[in-house]
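As the structure is a computational prediction, the values presented were derived from the model and not from experiment. These values consider heavy atoms only, across backbone and side chains, with no hydrogens, waters or symmetry-generated copies. Indexing begins at 1, ligand by ligand and atom by atom, following the structure's order.
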Amino acid sequence: MQKSISVSAPASVSNLGCGFDILGFALEKPQDKMTVRNNNLNKLRIKSQNTNYPVPEDPTKNVASVAIQAMLNKLNIQQGFDIEIDKQIKPGSGIGSSAASAAGAIFAVNELLQRPFKKKQLIQFAMVGETIASGCEHADNVAPCILGGITLIRSYKPIDIIPIDAPGKLFCVILHPKIEIKTSEAREILKKDVLLTDAVKQWGNVAGLITGLLKEDYELIGRSLDDYIIEPQRSKLIPAYDMLKATALNAGALGCNISGSGPSVFALTKGYDAANKVMDEMRKQYQNENIDFDIFVSSVNQTGVKISES
Ligand code: ADP
């Protein structure tokens, strides 16, 4: 059996506009690096390498080891692994930091065990890992992180995941205010009931967004991104959100919304030049706030988690 493997796992945007819990896409950057090695101790051990972005080293508290354990349970085997995580995606930033670890770990172990599962089947184990971070099994970060591109979770029970080709000119600006919003906490504030009038507008947009993506109709994508249910409740957690969104739209973004449960905000554009223009305007706007932030442009990552040089 191969002893060791290194992988890279991309960040991702989940809750794509109107697609709360069902639509997400992988980003070209940033990417986590991980190395997984067999050990003879029948134990899962975690080493958190990046002191800037530490992750729990207790294997019951790290999404990577929890995901691996779910796979080992399914296979009914005992095998120890040492998992070194070089975290590049800040935990709690809203661009799928925990998902990248769960996806990377499960992909690496599947390779070391000589692929007992197909790539799509790995999602179910990565989702178990995600429960540690967010308090529920959601797949809209782990699915695109594993498969690349845009993914639709049509159903959770049973799990039914549909990859969607990303239009070639789709670019994304990410602005990350350096405050932490925990997914689990951002879930707790959500109301359990939805107004029928909002639901009708929302599923109209979901259908419009999918059609726009499939037809590469950027104008339709932009028209369909609005979220009537989650964004109004969560946007108050992000300082100056309304102003930032208005700035992105005025600068030509197709749409702008909360990435995951925030605090990161994403804006979609048609083309790289448009993305840079939107980024410049969003940067100028947010410099007026007294909050440290990162901002960058990324294309959609079509590959997902992959083997990398160690
Ligand atoms: P994000 O959207 O950035 O993944 P979450 O709030 O969903 O943010 O997840 C971050 C939480 O998950 C933190 O409490 C962190 O300690 C925990 N966590 C456990 N294992 C990991 C890991 N390997 N990578 C990132 N976060 C992890």
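Closest approach of A100 to D32, counting heavy atoms only: CB-OD2, 3.8 Å. Nearest heavy atoms, Q202 versus D227: NE2-OD1, 3.0 Å.
Against a heavy-atom cut-off of under 4.0 Å, S101 is close to the following atoms of ligand 1: 22 (C), 23 (N), 24 (N). When each atom of ligand 1 is checked for a heavy atom of G94 under 4.0 Å away, the hits are 2 (O), 3 (O). The atoms of ligand 1 that sit less than 4.0 Å from any heavy atom of K90 are 3 (O). Near G96, the atoms of ligand 1 lying under 4.0 angstrom from a non-hydrogen atom of the residue are 2 (O), 4 (O).
In terms of protein heavy-atom proximity, atom 25 (C) of ligand 1 is closest to S97 OG, 3.4 Å. In this structure, the protein non-hydrogen atom closest to atom 7 (O) of ligand 1 is T183 OG1, 2.7 Å. Nearest non-hydrogen protein atom to atom 18 (N) of ligand 1 is P56 CD, 4.1 Å. Given atom 13 (C) of ligand 1, the protein heavy atom at minimum distance is K182 CE, 4.1 Å. Ranking protein heavy atoms by distance to atom 11 (C) of ligand 1, first place goes to A133 CB, 4.0 Å. Looking only at heavy atoms of the protein, atom 19 (C) of ligand 1 is closest to K61 O, 3.4 Å.
If you chain together hydrophobic residues whose side chains sit under 4.5 Å apart, L214 and L209 fall into the same group.
Heavy-atom distances between G260 and ligand 1 stay at or above 4.0 Å for every pair. The closest approach between any non-hydrogen atom of S93 and ligand 1 is below 4.0 Å. The shortest separation from a heavy atom of E180 to ligand 1 is not under 4.0 Å, leaving the residue out of contact.
Taking only nitrogen or oxygen atoms, main chain and side chain alike, G92 reaches within less than 3.5 Å of ligand 1. For ligand 1, one of its N or O atoms has an N or O atom of V63 under 3.5 Å away. Residue contacts with ligand 1: S98 is placed with a nitrogen or oxygen under 3.5 Å of a nitrogen or oxygen of the ligand (distance criterion only).
Taking NE2 of H176 as the reference point, atom CG of D294 lies at 6.5 Å (rounded to 0.5 Å). From K178, atom NZ reaches atom CZ of F293 across 10.0 Å, with rounding to the nearest 0.5 Å. From H138, atom NE2 reaches atom CZ of R187 across 5.5 Å, with rounding to the nearest 0.5 Å.
A 6.0 Å sphere centred on NZ of K119 holds more than 12 heavy atoms belonging to other residues, nucleotides or ligands. Counting non-hydrogen atoms of neighbouring residues, nucleotides and ligands closer than 6.0 angstrom, the CG atom of N73 exceeds 12 such neighbours.
For the pair K87 and Y53, the cation does not sit on the ring face, since its NZ or CZ is not both under 6.0 Å from the ring centre and inside 45° of the axis.
Not a single donor-acceptor pair under 3.5 Å links the side chain of D86 to the backbone N or O of K33. Looking only at distances, no side-chain donor or acceptor of S101 sits under 3.5 Å from a matching main-chain atom of A64.
Atom 15 (C) of ligand 1 is not flagged as protein-proximal [any protein heavy atom, distance under 4.0 Å].
With no hydrogens or angles considered, a side-chain donor-acceptor pair links D82 and N39 at under 3.5 Å.
By the criterion of a heavy-atom distance under 4.0 Å, the side chain of K87, and not its backbone, is placed next to ligand 1. If you look at S261 next to ligand 1, there are no close heavy atoms at all, none under 4.0 Å.
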